Amino acid sequence: VVSTQSTWDRFIDTVVYASARDDLQRRIEDAPEERSANPPVPQVQGIANQAPQFDVAPPPTDSPSTSTNERVIATKIVCEWDARVGGRRYRNEPVEVTWDETVLGKGSLRSCHRLIIYGPEGPTHWVGKFALDPETEEAEYYKDVVTQVTAREIAKAFNARDPPKHVQFLDCFLIRVERFGRMQLMHVEPLLPGTYVKHNNNYGHVANVDCTNSLGFVEYRHRNTPQAFSHFSYEYTKSKGVPMIVVDLQGVNDIYTDPQIHSENPDEFGQGNLGHTGIYQFFRTHKCNSICQYLGLPRNGDQLDEGGTMATRRRPSRALTAPTGSLGLSAANIQPPEYYRLTQLQLDRVKELFAQLDCQHVGWIHKAQLLPMLQRLGVKISPQQAHDMRQNIRTDRIDLHAFLCFWTGTES
């Protein structure tokens with residue numbers, strides 16, 4: 001029996017936040033300081049836990065900012081890899097902290113504050129982020145952590161391709177503290193020294209001029225690596241069966257923080273997940289550069305963006321070659337869906353569309369039918385991409401196995 005769960009679903013379940021949701025709830029219930037303020041709540045699909053309802057009214061929006069100088073005991077919630085369960089699990093631990101209510105910076109959803117954590121090695125400095133909307137559910141905080149953890153896993157796959165510059169996402173965790181008379185979550189990450197640069201946002205904007213905007217971000221032209229990483233994130237996850245894209249890249253050099261992910265499921269990855277619209281907006285403005293070309297990504301746009309970091313090597317491109325062996329759709333020719341990183345449902349759909357074009361029932365389609373086949377699968381092909389594809393095809397006949405390997409990026 002072939003599992004209908006997608007490869008990416010299995011990847012998320014076993015690598016990102018795994019089977020630790022129940023364990024997190026148990027740990028929260030076992031923490032004495034948490035039981036009175038945070039009663040058990042139902043679990044929400046895809047996230048760690050949902051925000052409880054509080055009896056205390058939120059502070060008024062015009063409350064004056066005050067500095068918190070006293071040390072308080074809070075709960076640190078860390079998402080970590082646990083080999084015993086083969087995935088991620090949440091760990092709670094007490095921690096002594098103090099923070100400043102003075103706002104360092106403010107985005108559309110959160111405000112940033114100085115945070116000090118006191119440990120055995122002495123005080124360390126961090127950035128703590130509170131939601132601007134006092135009614136923000138705790139679930140949104142957990143989604144932000146899952147977003148950053150997911151982006152970090154995709155970055156590992158990007159770095160494994162050996163691009164000229166590697167990328168990194170900061171480790172992050174949550175701290176639950178009492179603030180304005182109620183328990184709140186704070187998103188915490190290391191204080192990153194250096195010039196903070198925003199490279200793109202979640203709606204297709206690309207940094208293309210030398211300026212400092214109203215939020216204090218310095219924007220430079222020709223940063224190829226972040227744009228190529230966003231493009232790679234889409235192609236990589238699409239090959240896993242669930243397309244998503246990592247955008248809103250910002251940080252120091254190529255150490256990024258606070259990304260946004262657009263995916264087909266609007267309930268995951270937080271309030272900035274714009275789904276298909278966000279993915280479309282990225283490719284509407286994205287112009288491929290030499291790193292996209294080096295990684296073998298499909299060309300988006302008719303021209304290559306010149307300038308910036310150049311890739312001196314080029315990964316060998318995968319081209320369609322003449323099919324070997326039987327051209328029929330026999331069991332010996334078609335591999336199980338896992339071989340192509342597809343679900344059984346997806347493989348059946350491809351077979352159905354392929355059979356519609358193979359009207360002579362000869363087991364192959366002509367290379368001229370490759371573009372219509374891709375379009376039926378919802379793949380958007382630019383004229384330049386279509387031209388390059390035709391140039392790389394070395395045979396007039398393409399059987400289903402060859403097409404599947406070509407479409408999913410699987411070695412034939």
Side-chain angles (χ1 to χ4, degrees), residues 13-44 46-52 54 68-101 110 112-131 136-153 168-192 257-258:
D13 286 341
T14 59
V15 178
V16 181
Y17 40 10
S19 60
R21 302 184 187 97
D22 293 337
D23 181 76
L24 170 65
Q25 186 61 47
R26 178 180 59 79
R27 290 172 181 268
I28 291 175
E29 294 169 356
D30 289 344
E33 69 274 15
E34 298 302 312
R35 284 201 295 265
S36 59
N38 295 281
V41 293
Q43 297 297 305
V44 180
I47 54 180
N49 77 330
Q50 192 176 24
F54 295 94
T68 301
N69 296 317
E70 297 181 358
R71 299 186 187 183
V72 298
I73 301 298
T75 301
K76 179 180 178 181
I77 306 171
V78 181
C79 182
E80 61 183 9
W81 174 261
D82 191 330
R84 294 172 299 176
V85 299
R88 301 259 173 195
R89 95 169 39 242
Y90 289 90
R91 171 173 52 84
N92 287 7
E93 61 185 47
V95 64
E96 191 176 12
V97 303
T98 182
W99 71 93
D100 194 331
E101 284 294 340
R110 296 182 292 191
C112 300
H113 305 262
R114 295 186 186 275
L115 172 72
I116 300 177
I117 299 179
Y118 299 92
E121 305 297 328
T124 53
H125 295 266
W126 305 76
V127 175
K129 302 179 182 180
F130 289 109
T136 299
E137 295 184 348
E138 283 197 1
E140 295 301 323
Y141 283 90
Y142 284 103
K143 288 179 182 180
D144 290 337
V145 172
V146 170
T147 297
Q148 199 137 327
V149 170
T150 304
R152 192 162 65 238
E153 297 300 328
Q168 176 184 348
F169 286 87
L170 291 177
D171 291 331
C172 63
F173 53 90
L174 301 176
I175 288 182
R176 183 179 282 111
V177 297
E178 184 176 355
R179 181 174 182 250
F180 296 125
R182 60 179 287 183
M183 301 303 295
Q184 295 187 35
L185 280 177
M186 176 193 301
H187 181 102
V188 180
E189 56 193 35
L191 182 63
L192 196 59
T257 181
D258 203 15

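All values below come from the heavy atoms of this structure, side chains included, with hydrogens, waters and symmetry mates left out. What you see is a predicted model, and the numbers here were worked out from it, not measured in a lab.
When atom types are taken as modelled, the side chain of Glu93 and the backbone of Ile77 share no donor-acceptor pair closer than 3.5 angstrom.
Interatomic distance, CG of Leu170 versus CH2 of Trp126, reported as 9.5 Å (0.5 Å rounding). Interatomic distance, CE of Met183 versus CD of Glu178, reported as 6.0 Å (0.5 Å rounding). Between Ile117 atom CD1 and Trp99 atom CH2 the span is 11.5 Å, to the nearest 0.5 Å. Taken to the nearest 0.5 Å, the CG atom of Asp258 stands 7.5 Å off from the SG atom of Cys112. Residue Phe173 holds its CZ atom at 14.5 Å from OH of Tyr141, rounded to the nearest 0.5 Å.
A cation-pi contact links Arg71 to Tyr118, judged by a cut-off of 6.0 Å to the six-membered ring centre and 45° from its axis.
Counting only heavy atoms from C-beta outward, the side chains of Gln148 and His187 approach each other to under 4.5 Å. Between Leu115 and Val127 there is no side-chain heavy-atom pair separated by less than 4.5 Å. A 4.5 Å side-chain heavy-atom check between Arg179 and Phe130 finds at least one atom pair inside the cut-off. Within the 4.5 Å cutoff, no side-chain heavy atoms of Lys129 are placed close to those of Met186. Side-chain atoms of Glu137 and Tyr142, non-hydrogen and from C-beta on, never get closer than 4.5 Å to each other. Put simply, the side chain of Phe169 does not reach to within 4.5 Å of the side chain of Thr257, judged on heavy atoms. At a threshold of 4.5 Å between non-hydrogen side-chain atoms, the residues Arg176 and Leu185 count as touching. At least one side-chain heavy atom of Arg152 sits under 4.5 Å from a side-chain heavy atom of Asp171.
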Query raised in the report: Given the rule in the side chain to side chain contact (heavy atoms under 4.5 Å, CB included) test, do Val97 and Val177 qualify, once you have shown the distances and angles that lead to the verdict?
Result: CA-CA 9 Å; Val97 303; Val177 297; 4.2 Å; yes
Query raised in the report: After noting the C-alpha distance and the side-chain angles of Glu101 and His113, does the key distance pass the side chain to side chain contact (heavy atoms under 4.5 Å, CB included) rule?
Result: CA-CA 6 Å; Glu101 284 294 340; His113 305 262; 3.9 Å; yes
**Report entry** Thr75/Val95 under side chain to side chain contact (heavy atoms under 4.5 Å, CB included): CA gap, chis, key distance, verdict
**Finding:** CA-CA 6 Å; Thr75 301; Val95 64; over 6 Å; no
Query raised in the report: When you look at Lys76 and Leu174, which way does the side chain to side chain contact (heavy atoms under 4.5 Å, CB included) test go after all the steps?
Result: CA-CA 6 Å; Lys76 179 180 178 181; Leu174 301 176; over 6 Å; no
